[in-house]
Asker: 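Mind looking over this structure? Questions follow.
This structure is a prediction, so every number in the text was calculated from the model and none was measured. When a residue number appears, it is its place in the shown sequence, counting from 1. Keep in mind that the numbers below use all heavy atoms, side chains included, and drop hydrogens, waters and symmetry copies.
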Amino acid sequence: MTSPLDPALAARLKRNPDGLVCAVAQQRGTGEVLMVAWMDDEALHRTLTTRKATYYSRSRQSYWVKGETSGHTQHVHEVRLDCDGDTLLLVVDQVGAACHTGERTCFDADVLLRMED
């Protein structure tokens, strides 16, 4: 299968056995971590060309644009690739809840270790 990405970028991606790369969404300006999802080459290509966060659903085996049905959109300002090539960071402006539970972030429910005073 041919990648829709620039060949130099495609060569740098380290995908899992399903062809996916982890994608972390972070709020622009605050650095708040909003959610984690998955992207394949096509989802990344769509995100880079539209600036609308597009992910790949492992359970539905289909693409989804964040907020397409809920209105809780992510406008993508930056996409960064980590030094190992196995994680993407999307710097976004989040409108509404990022989490499917209706919460602002997926990381506020279970704090396993708190910062010491």
Side-chain angles (χ1 to χ4, degrees):
M1 184 170 115
T2 303
S3 173
L5 297 172
D6 176 277
L9 172 57
R12 292 182 59 204
L13 292 177
K14 291 184 184 168
R15 301 159 192 84
N16 71 10
D18 296 321
L20 304 174
V21 176
C22 180
V24 178
Q26 180 183 48
Q27 177 61 48
R28 182 174 69 118
T30 68
E32 177 183 30
V33 177
L34 300 169
M35 59 177 273
V36 174
W38 295 94
M39 291 183 159
D40 64 2
D41 289 21
E42 179 63 30
L44 178 56
H45 173 72
R46 291 181 189 187
T47 298
L48 293 172
T49 57
T50 66
R51 292 191 177 264
K52 294 179 182 179
T54 304
Y55 302 105
Y56 185 79
S57 170
R58 295 174 298 168
S59 59
R60 294 187 305 265
Q61 296 189 339
S62 63
Y63 298 101
W64 56 283
V65 177
K66 181 68 176 165
E68 195 168 53
T69 57
S70 68
H72 299 166
T73 59
Q74 288 177 348
H75 176 76
V76 181
H77 288 275
E78 293 179 21
V79 178
R80 300 179 186 186
L81 181 61
D82 80 331
C83 60
D84 294 323
D86 62 1
T87 305
L88 296 161
L89 176 66
L90 280 67
V91 180
V92 304
D93 276 332
Q94 176 69 47
V95 174
C99 189
H100 70 280
T101 64
E103 297 296 324
R104 167 90 182 143
T105 172
C106 294
F107 293 97
D108 62 356
D110 294 309
V111 179
L112 304 180
L113 180 66
R114 292 200 184 274
M115 224 170 52
E116 295 179 342
D117 291 330

Asker: Taking only residues two or more places apart in sequence or in another chain, which ones pass side-chain hydrogen bond (donor to acceptor under 3.5 Å, both in side chains) with Y55?
Answerer: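 Counting only residues at least two positions away or on another chain, Y55 forms a side-chain hydrogen bond (donor to acceptor under 3.5 Å, both in side chains) with Q74.
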
Asker: For D82, what residues pass the salt bridge (charged side-chain N to carboxylate O under 4.0 Å, His left out) criterion, not counting sequence neighbours?
Answerer: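 So D82 forms no salt bridge (charged side-chain N to carboxylate O under 4.0 Å, His left out) with any residue.
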
Asker: Are the charged groups of R114 and E116 less than 4.0 angstrom apart, N to O?
Answerer: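 Judged by the 4.0 Å cut-off on N to carboxylate O distance, R114 and E116 do not form a salt bridge.
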
Asker: What residues form a side-chain contact (heavy atoms from CB on, under 4.5 Å) with V95, not counting sequence neighbours?
Answerer: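 Residues passing side-chain contact (heavy atoms from CB on, under 4.5 Å) with V95: T73.
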
Asker: Of all residues at least two apart in sequence or in a different chain, which pass the side-chain hydrogen bond (donor to acceptor under 3.5 Å, both in side chains) check with S57?
Answerer: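 S57 satisfies side-chain hydrogen bond (donor to acceptor under 3.5 Å, both in side chains) with S59 only.
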
Asker: Taking only residues two or more places apart in sequence or in another chain, which ones pass salt bridge (charged side-chain N to carboxylate O under 4.0 Å, His left out) with R51?
Answerer: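 None.
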
Asker: Please collect all salt bridge (Lys or Arg N to Asp or Glu O under 4.0 Å) contacts where either partner lies in residues 23-39, sequence neighbours excluded, each pair once.
Answerer: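 Output for this query lists R28-D93, E32-R104.
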
Asker: For E103, enumerate each residue passing the salt bridge (charged side-chain N to carboxylate O under 4.0 Å, His left out) test, keeping only those at least two apart in sequence or located in another chain.
Answerer: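 Applying salt bridge (charged side-chain N to carboxylate O under 4.0 Å, His left out) to E103 gives none.
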
Asker: Show me, pair by pair, the donor-acceptor contacts under 3.5 angstrom made by side chains of residues 65-72, not counting sequence neighbours?
Answerer:
from : atom 1 : to  : atom 2 : distance (Å)
K66  : NZ     : A98 : O      : 2.6
S70  : OG     : H72 : N      : 3.0
H72  : ND1    : A97 : O      : 3.3

Asker: Under the salt bridge (Lys or Arg N to Asp or Glu O under 4.0 Å) rule, what pairs show up with a residue in residues 5-22, not counting sequence neighbours?
Answerer: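 Every salt bridge (Lys or Arg N to Asp or Glu O under 4.0 Å) pair that includes a residue of residues 5-22, provided the two are not neighbours, is R15-D41.
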
Asker: Sort out for me which residue in L89, V36, N16 forms a side chain to side chain contact (heavy atoms under 4.5 Å, CB included) with C22.
Answerer: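 For C22, the side chain to side chain contact (heavy atoms under 4.5 Å, CB included) check succeeds only for V36.
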
Asker: Between OG1 of T54 and OH of Y63, what distance do you get to the nearest 0.5 Å?
Answerer: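 Separation between the atoms: 10.0 Å.
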
